[in-house]
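Being a predicted model, the structure only gives us computed values, none of them experimental. For this chain, numbers begin at 1 and follow the sequence in order.
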Amino acid sequence: MKNKQYIKSAILFMILIFIFPIVFMILKKDDYSETENRPLKNFPEISAQNIIDKSYMNGIEAYLSDHFPFRINWVKAKMTAERLSGKSAINNIYICSDRMLEKLPEPDYREINLSVNAVNKFSDTYDTEVYALIASTSAGIYGDELKDYFPQINQKSLIADIYNKLNEDIGVIDIWDAMYTERDKYLYYRTDHHWTSEGAFTAYKYAAKKMGITSFEDYDIIHVSSDFRGTFYSKCLYDGLKPDIINLYKSNNDKTAVDVLMNDGINEQHTNDIYFPDFLDTNDKYCFFLGHNRALTDIKTNTDTDKRLLLIKDSYANSIVPFFIQNYSQITVIDLRYLKTSVTDFINPDDYDQTLFLYNASTFSTDKNIKNIGLTQ
């Protein structure tokens with residue numbers, strides 16, 4: 001009996017040693033993981049230097065890990081085992097009863113000060129009215145759902161500190177209380193780091209008051225997707241929460257985008273819509289709003305006004321743009337993370353009535369590109 005067990009074990013071992021590498025070689029190697037929403041590692045190039053510094057072997061290890069057969073199944077099994085063992089945080093994603101929350105890194109106050117100084121310099125340089133909206137992430141608003149041993153930075157204090165360092169002539173749009181008061185609503189996605197359309201609408205209504213524009217509030221809400229699993233899910237692959245819903249707020253008037261110029265820093269193209277429904281068939285469904293992040297998106301509308309808005313932002317702003325269309329004839333959206341040259345190579349800030357810096361607290365604390373806005377002359 002024991003001999004038969006030894007034979008079976010030996011056969012299994014031979015399969016693992018000889019058959020498995022063959023399976024690995026013949027299986028198709030993808031360049032991108034849709035489930036994890038990230039590029040996969042390529043096989044490293046060999047050189048004397050990367051052999052000496054061990055980067056070649058590290059590259060091979062990363063390549064094998066990324067292209068391991070049925071890797072996603074193994075990763076999910078590992079995550080399930082960690083959950084069963086009582087672990088509630090996976091890759092800095094905390095899994096609560098009804099949502100996922102992300103642990104933010106400790107703020108780099110040197111970078112924050114550089115960014116604040118750049119915004120101040122921008123305000124001093126140009127005649128456009130300047131406003132700043134720093135939004136809390138979901139971890140700031142729902143942080144009390146975490147257990148005491150999951151420390152979080154105090155985003156309310158962080159945002160207040162940023163606002164206090166801005167010039168007095170910059171209009172501060174502090175939406176913390178508004179978002180916290182409405183926290184029982186669907187303001188943030190459960191499985192993604194962005195706010196929802198309802199969260200963006202809440203911010204828009206408050207921003208409108210501060211910016212002296214009238215918020216438009218007559219919309220039909222259309223569910224365009226009910227199976228969205230976002231960036232948090234991609235980091236932990238936990239299937240125990242309901243997928244998110246993506247809603248389109250369709251205004252009950254004829255105010256809409258009529259021409260949209262998109263520039264990725266190299267090429268330009270035009271469309272007549274700010275929505276990209278093809279992304280609803282991918283994992284990156286939030287790109288339904290404005291498409292991929294890019295250097296510049298210039299939106300012309302049929303709204304009966306001469307007011308123009310310059311929006312300097314991270315991806316939180318993508319889902320608030322549809323609401324601002326009701327108030328401006330032109331909205332120029334700039335993402336400094338993708339801009340390789342000066343802002344003034346594209347636009348003149350003095351051509352805009354108002355400029356809004358809109359970031360979430362995490363991005364504003366870590367993005368090293370914001371300081372470049374002060375180098376626009």
Side-chain angles (χ1 to χ4, degrees), residues 104-137 153 155-176 203 206-208 210-213 263-265 293-299 307-318 320-321 324 327-328 330-377:
L104 271 60
E106 284 299 314
D108 184 339
Y109 286 100
R110 179 180 178 277
E111 285 298 329
I112 291 174
N113 289 336
L114 289 172
S115 296
V116 168
N117 291 339
V119 175
N120 286 338
K121 181 179 178 181
F122 180 93
S123 178
D124 290 339
T125 303
Y126 299 104
D127 292 331
T128 176
E129 295 178 5
V130 178
Y131 296 86
L133 192 165
I134 310 299
S136 171
T137 69
I153 66 171
Q155 291 191 48
K156 183 176 183 179
S157 297
L158 173 64
I159 294 169
D161 182 61
I162 293 170
Y163 285 155
N164 287 334
K165 293 176 180 176
L166 292 172
N167 289 346
E168 290 184 358
D169 61 346
I170 294 176
V172 167
I173 304 174
D174 190 350
I175 64 168
W176 174 276
Y206 193 80
K210 295 292 183 177
M211 298 172 71
I213 58 178
N263 189 312
D264 62 5
N293 289 315
R294 63 180 72 84
L296 179 143
T297 303
D298 188 57
I299 304 165
K307 291 180 73 71
R308 293 190 286 184
L309 174 68
L310 176 61
L311 181 56
I312 300 171
K313 60 87 181 181
D314 65 12
S315 57
Y316 259 51
N318 294 13
I320 204 173
V321 166
F324 281 126
N327 303 102
Y328 298 94
Q330 180 180 0
I331 304 171
T332 301
V333 182
I334 290 180
D335 194 323
L336 297 170
R337 296 170 297 178
Y338 302 89
L339 197 64
K340 306 304 181 186
T341 61
S342 170
V343 168
T344 51
D345 288 342
F346 291 89
I347 54 96
N348 179 1
D350 282 333
D351 291 338
Y352 296 84
D353 300 276
Q354 297 175 316
T355 296
L356 172 61
F357 287 84
L358 195 160
Y359 287 84
N360 71 63
S362 178
T363 304
F364 195 89
S365 302
T366 57
D367 186 2
K368 299 180 185 300
N369 298 288
I370 301 172
K371 62 179 178 288
N372 297 329
I373 194 66
L375 306 175
T376 54
Q377 296 195 93

**Student:** Measuring only between side-chain heavy atoms, which start at C-beta, is Leu336 closer than 4.5 Å to Val343?
**Tutor:**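 Heavy-atom side-chain distance check passes, below 4.5 Å.
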**Student:** Could you walk me through whether Asp169 and Ser123 pass side-chain contact (heavy atoms from CB on, under 4.5 Å), step by step?
**Tutor:** CA-CA 8 Å; Asp169 61 346; Ser123 178; 3.4 Å; yes
**Student:** Answer with yes or no whether the side chains of Asn360 and Thr363 bring together a donor and an acceptor at under 3.5 Å.
**Tutor:**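 The answer is yes; a qualifying pair exists.
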**Student:** Between OH of Tyr328 and CD1 of Ile213, what distance do you get to the nearest 0.5 Å?
**Tutor:**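 Tyr328 OH to Ile213 CD1: 3.5 Å, rounded to 0.5 Å.
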**Student:** Please check if atom NZ in Lys210 has more than 12 non-hydrogen atoms from other residues, nucleotides or ligands closer than 6.0 Å.
**Tutor:**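 Atom NZ in Lys210 is not packed in, count stays at 12 or less.
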**Student:** Return yes if some donor-acceptor pair links the side-chain N/O of Asn167 with the main-chain N/O of Asn120 below 3.5 Å, else return no.
**Tutor:**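 Between the backbone of Asn120 and the side chain of Asn167 there is a qualifying donor-acceptor contact (under 3.5 Å).
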**Student:** Could you tell me whether a side-chain N or O of Tyr352 sits under 3.5 Å from a main-chain N or O of Glu129, the two making a donor and an acceptor?
**Tutor:**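 No.
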**Student:** Is the shortest side-chain heavy-atom distance between Thr332 and Phe346 below 4.5 Å?
**Tutor:**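 The answer is no, as the side chains (C-beta and beyond) never meet within the 4.5 Å cut-off.
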**Student:** Roughly how far, to the nearest 0.5 Å, is the CG atom of Leu310 from the CG atom of Asp353?
**Tutor:**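 Atom-to-atom, Asp353:CG and Leu310:CG are 11.0 Å apart.
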**Student:** Is it the case that Lys165 and Asn113 place a side-chain donor and acceptor less than 3.5 Å from each other?
**Tutor:**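 Checked: Lys165/Asn113 side chains pair up, N/O donor to acceptor below 3.5 Å.
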**Student:** A side-chain contact here means heavy atoms from C-beta on lying under 4.5 Å apart; do Leu356 and Phe324 qualify?
**Tutor:**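 Touching, per the 4.5 Å side-chain cut-off.
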**Student:** Indicate the atoms forming the closest heavy-atom contact of Ala317 with Lys313, along with that distance.
**Tutor:**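 Where Ala317 meets Lys313 most closely, the heavy atoms are CB-CB, 3.4 Å.
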**Student:** What are the two closest non-hydrogen atoms of Ile173 and Tyr163, and how far apart are they?
**Tutor:**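 Smallest interatomic distance, heavy atoms only, reads O-OH, 2.8 Å.
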**Student:** Is a side-chain N or O of Arg308 found less than 3.5 angstrom from the main chain of Asp351, in a donor-acceptor match?
**Tutor:**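 Yes, because the side chain of Arg308 sits within donor-acceptor range (under 3.5 Å) of the backbone of Asp351.
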**Student:** Starting at CE of Met211, measure out to CG of Asn327 and round the result to the nearest 0.5 Å.
**Tutor:**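 Result: 8.5 Å between the selected atoms.
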**Student:** Which atoms form the tightest heavy-atom contact between Ala135 and Ile159, and what is the distance?
**Tutor:**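 Heavy atoms only, the tightest pair is C-CD1, 4.1 Å.
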**Student:** Can Leu339 and Ile334 be said to form a side-chain contact (heavy atoms from CB on, under 4.5 Å), step by step?
**Tutor:** CA-CA 8 Å; Leu339 197 64; Ile334 290 180; 4.2 Å; yes
**Student:** How close do Thr344 and Pro349 get, heavy atom to heavy atom, and via which atoms?
**Tutor:**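 Looking at all heavy atoms of both residues, the closest pair is CG2-CD, 4.1 Å.
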**Student:** Give the C-alpha distance, both sets of side-chain angles, the deciding distance and a yes or no for side-chain contact (heavy atoms from CB on, under 4.5 Å) between Tyr338 and Asn369.
**Tutor:** CA-CA 9 Å; Tyr338 302 89; Asn369 298 288; over 6 Å; no
**Student:** Do Thr355 and Thr128 meet the criterion of a side-chain donor-acceptor pair at a distance under 3.5 Å?
**Tutor:**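 There is such a pair between these side chains.
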**Student:** Which heavy atom of Arg337 sits nearest a heavy atom of Asp335, and at what distance?
**Tutor:**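 Heavy-atom minimum between the residues: NH2-OD2, 2.7 Å.
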**Student:** Calculate, to the nearest 0.5 Å, the distance between atoms CH2 and OG belonging to Trp176 and Ser157 respectively.
**Tutor:**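 It comes to 8.5 Å.
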**Student:** So does Tyr131 get a backbone contact from the side chain of Gln354, meaning a donor-acceptor N/O pair under 3.5 Å?
**Tutor:**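 Absent.
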**Student:** Would you say Asn293 and Asn318 are linked by a side-chain donor-acceptor pair, where the criterion is simply a distance under 3.5 Å?
**Tutor:**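 Asn318 vs Asn293: donor-acceptor pair found between side chains.
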**Student:** Do you know which two heavy atoms are closest between Ile175 and Ala203, and how far apart they sit?
**Tutor:**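 The answer is CD1-CB, 3.9 Å.
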**Student:** Working to the nearest 0.5 Å, report the span between NZ of Lys371 and NZ of Lys121.
**Tutor:**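 Taking NZ in Lys371 and NZ in Lys121, the distance rounds to 13.5 Å.
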**Student:** Is Glu111 close to Thr366 at the side-chain level, that is, under 4.5 Å between some pair of heavy atoms?
**Tutor:**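 Thr366 does not reach Glu111 side chain to side chain.
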**Student:** Main chain of Asp350, side chain of Asp127: is a donor-acceptor contact present, judged purely on distance under 3.5 Å?
**Tutor:**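 Judged by distance alone, no pair lies under 3.5 Å.
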**Student:** Would you say that Ile299 contacts Gln330 through its side chain, given a criterion of any heavy-atom pair below 4.5 Å between the two side chains?
**Tutor:**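 A side-chain contact is absent here, since even the closest heavy-atom pair is not under 4.5 Å.
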**Student:** As an exercise, state the distance from CG of Leu104 to OG of Ser136, rounded to the nearest 0.5 Å.
**Tutor:**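 Taking CG in Leu104 and OG in Ser136, the distance rounds to 8.5 Å.
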**Student:** Tell me whether Asp314 contacts the main-chain N or O of Tyr359 through its side chain, where contact means a donor paired with an acceptor under 3.5 Å.
**Tutor:**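 Answer holds: no.
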**Student:** What verdict does the side-chain contact (heavy atoms from CB on, under 4.5 Å) test give for Phe364 and Leu158, after you've listed the backbone C-alpha separation in whole Å, the side-chain angles of each residue and the deciding distance to 0.1 Å?
**Tutor:** CA-CA 10 Å; Phe364 195 89; Leu158 173 64; over 6 Å; no
